[in-house]
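Worksheet: one structure, shown below.
The basis for the numbers below is simple: all heavy atoms, side chains too, and nothing from hydrogens, waters or symmetry mates. In what follows, chains are A, B, ... by sequence order, proteins preceding strands, each numbered from 1.
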Amino acid sequence: MTHSLTAGLGLKPIHFPHALAASAAGLWFEVHPENYMVAGGPRLAWLDRVRSAHPLSLHGVALSLAAEAPPAPDHLARLKVLIDRFEPVLVSEHLAWSTWRGVYYPDLLPVARTQAALRRVTDNVQRVQDALGRAIAVENPAHYLPLAGHEMDEAAFLDGLARRSGCRLLLDVANVFVAANNLGFDPAACLASFPVEHVAEIHLAGHMPDPEFGGALLIDSHSTPVAPAVWALYAGLVGRIGPRPTLIERDEDIPAFGDLIAERERAHRILAAPAARRAA
Amino acid sequence: MSAGVGWQDAFVRALRGEPPGHPEIAALAGLPGFAVYRNTVWKGWVDAIEANFPAVGAFTGSRWLRAAAAAFATAHPPGTPALVAYGAGFPEFLAGLPAAADLPALVPLARLDRAWTEAHVAADDEVLAPETLALLPAGDLARLAARPHAALRAFWFDSAVPTLWLGNRPDFAGGGLTLHPRPEGLALVRPGPAVEAARLDAADFALLEACLAGRSLLAAAAACLEAAPAADPGAILYRLAALGAFAGLVEATETRS
């Protein structure tokens, strides 16, 4: 089903008409479903039109899979409505939490990777997949803090999660790069140990140095083009594991659609390169 | 873990700038990396309010609005991740600020911004063709009511807030930047893909208000004439229908005139 997808773009309302008219081979679009959890109106109508022309992926930020509580039933129900309407080719979320005691905190908050957390997140993913009637992919988020109490690394945690829940994984190469920089590990080694057999999708995005602390603290801001070092990691990864649907994310300082298409073409070329085809 | 405060409870306390009551989170909260989370959460809340109240932002300036939004988010953080609709209580929150006493247009502008959001995300609905009204037998006027479109929002003000609001919205033309003392109303409608705005006079508003109350077309016409004896209720009804104010004709729930 997803083999025909190559490189896609995160879609913003300002680019709806351009997205509708775009026709590149393998192109697809991804949106945050939370932005479409409304009763009606032009947003949903536009997404209907884009969906009629291109494959669509729903990439959630608010299921709060790593919270010490099950996903909110009303939020899950609203997600199900969107999935039934738009029939997305991919559905994904994060290994993070964002809703706690009825308040939404718009970020991907961290969790200590303990055995207890693995059981809890597995249970939450299974609840989601049961409610939606399909597998989701779970993404590695960016990291900024040296949490105490980790009992396993992220690769082992996500591998356990995929094996226990049957979920797929979304490997965000930019998040690996940012986390490696901030927490002091080798991003290439991290990617080498990642359980790539579960990876259904790859994300790429731009980051920025913290305004106060500079390059010592990188922020996964989605506000800039993908960095050269992230492109290099991505090309190496795809050359090793073969092509996977790959998304260019951009959420801030949105450039012209053509600029994003150019970035997307770069990923498309890497996915179509002989090295990727040999690894497939 | 310590002292009965859970890890996630402590984490969100620290995000909100409160003492976390948890030694590990207290230590983490002092690190530069924690500020990334704190800044992102607050930026998300404040950006949503600023995006959802553009006329207030144009009227007060971004710096003032963002400070008010942060105070609002402190007291009323969003309960759902659909931030496109965040800020339902923001106009009432502004009404409680000292600045509202000095800026009488502030709260009404916020109410209209909020109404625009409600109209924008309202359920899709039919649009009553105005020609349908012209074909109605006279005997049906006392029995039928014009059902308001799901996106319709109507307001009446003692001053020309609608003109000021239109002047402070980048998505509308024809407004002004001065608050005139004349009374004025506004209807927000969504007959097609975009929310549209139409200023109302007293006769327009009286008729629309009666329709919103479920009163019959005859009763609505009477209310219109009561507000403005020289008005032409049939022409007003036709014009409001042409704007997209109505979704259809239904049995009136309130037939008193």
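With a threshold of 4.5 angstrom between heavy atoms, A:Trp97 approaches chain B through side-chain atoms but not through N, CA, C or O. Of the two parts of A:Ala69, neither the backbone nor the side chain holds a non-hydrogen atom closer than 4.5 Å to a non-hydrogen atom of chain B. With a 4.5 angstrom heavy-atom cutoff, A:Ala67 touches chain B via backbone and side-chain atoms both. Heavy atoms of A:Pro33 lying under 4.5 Å from chain B are absent altogether. Looking at B:Leu28, the atoms closer than 4.5 Å to chain A (heavy atoms on both sides) sit in the backbone and in the side chain alike. For B:Gln8, the parts sitting under 4.5 Å from any heavy atom of chain A are the backbone and the side chain alike. Contact annotation for A:Tyr105: both backbone and side-chain heavy atoms come within less than 4.5 Å of a heavy atom of chain B. Looking at B:Val84, only its side chain comes within 4.5 Å of chain A, counting heavy atoms on both sides. Using a 4.5 Å cut-off between heavy atoms, A:Ile219 contacts chain B through its side chain alone, with no backbone atom that close.
Judged by distance alone, the side chain of A:Glu93 and the main-chain N or O of A:Leu65 form no donor-acceptor pair under 3.5 Å. Under a 3.5 Å cut-off, the side chain of B:Arg147 and the backbone N or O of B:Val250 do not form any donor-acceptor pair. No donor-acceptor pair closer than 3.5 Å links the side chain of B:His76 to the backbone N or O of B:Phe90. At distances below 3.5 Å, at least one donor-acceptor pair connects side-chain atoms of A:His15 with backbone N or O atoms of A:Pro255.
Legend: side chain to side chain donor-acceptor pair (under 3.5 Å) pairs involving residues 33-49 of chain B, not counting sequence neighbours, sorted by first then second residue: A:Glu252-B:Lys43, B:Lys43-B:Asp47, B:Asp47-B:Arg66.
Between B:Trp165 and B:Phe172, the ring-plane angle classifies as tilted under the 30° and 60° cut-offs. Ring pair A:Trp46/A:Phe16 is parallel by interplanar angle, where below 30° counts as parallel and above 60° as perpendicular.
Note: A:Pro106 leads A:Gly102, A:Pro106, A:Ala112 in heavy-atom pairs under 4.5 Å with chain B. Ranked by heavy-atom pairs under 4.5 Å with chain B, the first of A:Asp107, A:Asn182, A:Val38, A:Val61 is A:Asp107. For chain A, the option among B:Gly44, B:Ala123, B:Ala85 with the highest count of heavy-atom pairs below 4.5 Å is B:Ala123. For the set B:Ala122, B:Pro77, B:Gly79, B:Ala194, the entry with the most heavy-atom pairs within less than 4.5 Å of chain A is B:Ala122. In terms of non-hydrogen atom pairs under 4.5 Å with chain B, the most contact-rich of A:Leu109, A:Thr99, A:Asn35 is A:Leu109. No other option in B:Ala48, B:Pro78, B:Ala82 has as many heavy-atom pairs under 4.5 Å with chain A as B:Pro78. Comparing B:Thr80, B:Asp125, B:Val195, B:Leu31 by heavy-atom pairs within less than 4.5 Å of chain A, the highest count is held by B:Thr80. The candidate from B:Ala27, B:Ala35, B:Pro193, B:Gly192 with the greatest count of non-hydrogen atom pairs under 4.5 Å with chain A is B:Pro193.
Defined by atom type and a distance below 3.5 Å, a donor-acceptor pair is missing between the side-chain atoms of B:Trp116 and B:Asn52. No side-chain donor-acceptor contact under 3.5 Å links B:Glu126 and B:His149. Between the side chains of A:His59 and A:Glu139, a donor-acceptor pair is found at a separation under 3.5 Å. Side chains of B:Arg199 and B:Thr163: a donor on one and an acceptor on the other come within 3.5 Å.
Taking a cutoff of 4.0 Å between a charged side-chain nitrogen and a carboxylate oxygen, B:Arg153 and B:Glu118 qualify as a salt bridge. Between A:Asp123 and A:Arg119 there is no salt bridge, since none of the side-chain N atoms of the basic residue sits less than 4.0 Å from a carboxylate O of the acidic one.
The stretch residues 145-157 of chain A places A:Leu145, A:Pro146, A:Leu147, A:Ala148 near chain B, each with some heavy atom under 4.5 Å from a heavy atom of that chain.
Among all heavy-atom pairs drawn from A:Phe86 and A:Asp48, the shortest one is CE2-OD1, 3.2 Å.
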